[in-house]
Novice: 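Next up is a structure, given as structure tokens.
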Amino acid sequence: MCLPGSVTLCAGRGVSVVPVLSVEGLSVGFDGVSALREVSLRVEPGEILGLVGPNGAGKSTLLNCVCGLYRPGGGRVLLDGVDVVGERPDAISARHVVRTHQEPRLLDNVSLVDNVLRGGTTPGVRDRVAGLFGLPSGRRHRRDDLARADEELAGLGIEQWRDVAARSLPYDVRKLGEVARARYAGPRLMLLDEPAAGVGAAAAETLSRRLRFFARSGTAIVLVDHNIDFVTSSAHRVVVLSAGEVVAVGLPEDITRDARVINAYLGATEPDQA
Ligand SMILES: Nc1ncnc2c1ncn2[C@@H]1O[C@H](COP(=O)(O)OP(=O)(O)O)[C@@H](O)[C@H]1O
Ligand SMILES: [Mg+2]
């Protein structure tokens, strides 16, 4: 496959790319109720994989397995070819994996820009001491960090909110702020759980463009949403989950025409229409 804007994948015929994420036969149950059944998918460097499905399909559960919050009952989660099932969430985030949440989790009393800065790696002791005493190297680090955080805010069109405490931010700015913070961490794999839910059409379009920009720099993205239009306009490839199972995989334009996908959605929203 040759994705638009992806140098890695277009290196030449026959070049096989190790996926950033490979999920193989993943199964999860809660109290005997199956939430995921034998789910497999892969995401390559620079690829945005859309993961759609009705509420309760298992989308967030899959993200939770990848970032180590849930331990699957069966199957494997490979990051750059390494099986990470059983690793703690902090060990997985040290592999440059970030996750955003359906409900944004910014620190309420902290300004937007400082929330973004906290997405980065903890500064080393030397940097912190230099910063504390106002030494030139500390000031330089802080200036560089701030410039990078501002760039992320501007990229998502929310820079005018930079100094406002998170608790006073409108909901859509909080949602985009989480994406800015995730990106600031310099991830290799971003797991985005419904980043456009509750966000207006114009902001969702900005987000979509920005995600494509992240992907062009090589970041792999799993984009979860139940809004199939948002996902199909953003992703390179789409996986459709329904009741814990993959019902379709394909290019966005094919997915929207797929009868199994239409059934999965209509089945969830219009049960009495048959
Ligand atoms: N921690 C949990 N405990 C019990 N059941 C859960 C838990 N997390 C998810 N589930 C169940 O797993 C199924 C899939 O949920 P979820 O992954 O949140 O769906 P989605 O994100 O697609 O809306 C649902 O039936 C949900 O109730
Ligand atoms: Mg969910």
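Every heavy atom of this structure was used, including side-chain atoms; hydrogens, water molecules and symmetry mates were not. First listed ligand is number 1; within each ligand, the first listed atom is number 1. FYI, the numbering just counts along the sequence from 1.
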Novice: Would R183 and F213 satisfy side chain to side chain contact (heavy atoms under 4.5 Å, CB included), going step by step from the backbone distance to the final call?
Specialist: CA-CA 11 Å; R183 166 69 178 177; F213 170 79; 4.1 Å; yes

Novice: Nearest 0.5 Å, please: how far is CZ in R37 from CG in L26?
Specialist: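 One gets 13.0 Å once the value is rounded to the nearest 0.5 Å.
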
Novice: Write out the residue and atom name of the closest protein heavy atom to atom 2 (C) of ligand 1, then the distance separating them to 0.1 Å.
Specialist: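 I find the closest protein heavy atom is F30 CE2, 3.5 Å.
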
Novice: Counting both backbone and side chain atoms, is some N or O of A57 under 3.5 Å from an N or O of ligand 1?
Specialist: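 Yes; the residue has a nitrogen or oxygen that sits under 3.5 Å from a nitrogen or oxygen of the ligand.
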
Novice: Cut-off 3.5 Å, side chains only: do T100 and D193 have a donor facing an acceptor?
Specialist: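 Result is no, nothing qualifies.
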
Novice: List ligand 1 atoms under 4.0 Å from N55, heavy atoms only on the residue side.
Specialist: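 Counting from 1, the qualifying ligand atoms are 23 (O).
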
Novice: Verify the cluster assignment for V66 and L36: are they in a single hydrophobic cluster under the rule of side-chain heavy atoms below 4.5 Å apart?
Specialist: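 Yes, it is one cluster - the side chains of V66 and L36 are joined through contacts under 4.5 Å.
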
Novice: Could you tell me whether E178 and R105 make a salt bridge, using a distance below 4.0 angstrom between a side-chain N and a carboxylate O?
Specialist: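 Looking at R105 together with E178, the answer is no, because their closest N to O distance does not fall below 4.0 Å.
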
Novice: Measure the distance from atom 1 (N) of ligand 1 to every protein heavy atom, then report the residue, atom name and distance (to 0.1 Å) of the closest one.
Specialist: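 Looking only at protein heavy atoms, the one closest to atom 1 (N) of ligand 1 is Y70 OH, 3.0 Å.
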
Novice: Considering only NZ, NE, NH1 and NH2 on the basic side and carboxylate oxygens on the acidic side, decide whether R42 and E44 come within less than 4.0 Å.
Specialist: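 Looking at R42 and E44, the cut-off is met.
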
Novice: Got an N, O or S from N55 under 2.8 Å of the Mg ion (ligand 2)?
Specialist: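 Within the cut-off used here (under 2.8 Å), N55 places no N, O or S atom near the Mg ion (ligand 2).
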
Novice: Is G58 close enough to touch ligand 1? Criterion: a residue heavy atom under 4.0 Å from a ligand atom.
Specialist: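 Per 4.0 Å heavy-atom rule, G58 contacts ligand 1.
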
Novice: If we count only non-hydrogen protein atoms and require a distance under 4.0 Å, does atom 27 (O) of ligand 1 qualify as touching the protein?
Specialist: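 For atom 27 (O) of ligand 1 the answer is no, since every protein heavy atom stays at 4.0 Å or beyond.
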
Novice: Among all protein heavy atoms, pick the one closest to atom 17 (O) of ligand 1 and tell me residue, atom and distance.
Specialist: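 The closest one turns out to be T61 OG1, 2.6 Å.
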
Novice: How far is atom 18 (O) of ligand 1 from its nearest protein heavy atom, and which residue and atom is that?
Specialist: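 The closest heavy atom on the protein side is S60 CB, 3.8 Å.
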
Novice: Looking at D90 and R95, is there a salt bridge between them, counting it only when a charged N and a carboxylate O are closer than 4.0 Å?
Specialist: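 Looking at D90 together with R95, the answer is no, because their closest N to O distance does not fall below 4.0 Å.
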
Novice: Got a sec: is S60 within less than 2.8 Å of the Mg ion (ligand 2) via an N/O/S atom?
Specialist: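 S60 does place an N, O or S atom closer than 2.8 Å to the Mg ion (ligand 2).
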
Novice: Thinking salt bridges, do R148 and E151 make one under a 4.0 Å N-O criterion?
Specialist: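 A salt bridge is absent here (no side-chain N lies under 4.0 Å from a carboxylate O).
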
Novice: Heavy-atom distance to atom 25 (O) of ligand 1: which of G56, S242, A35 wins?
Specialist: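 Heavy atom nearest to atom 25 (O) of ligand 1 belongs to G56.
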
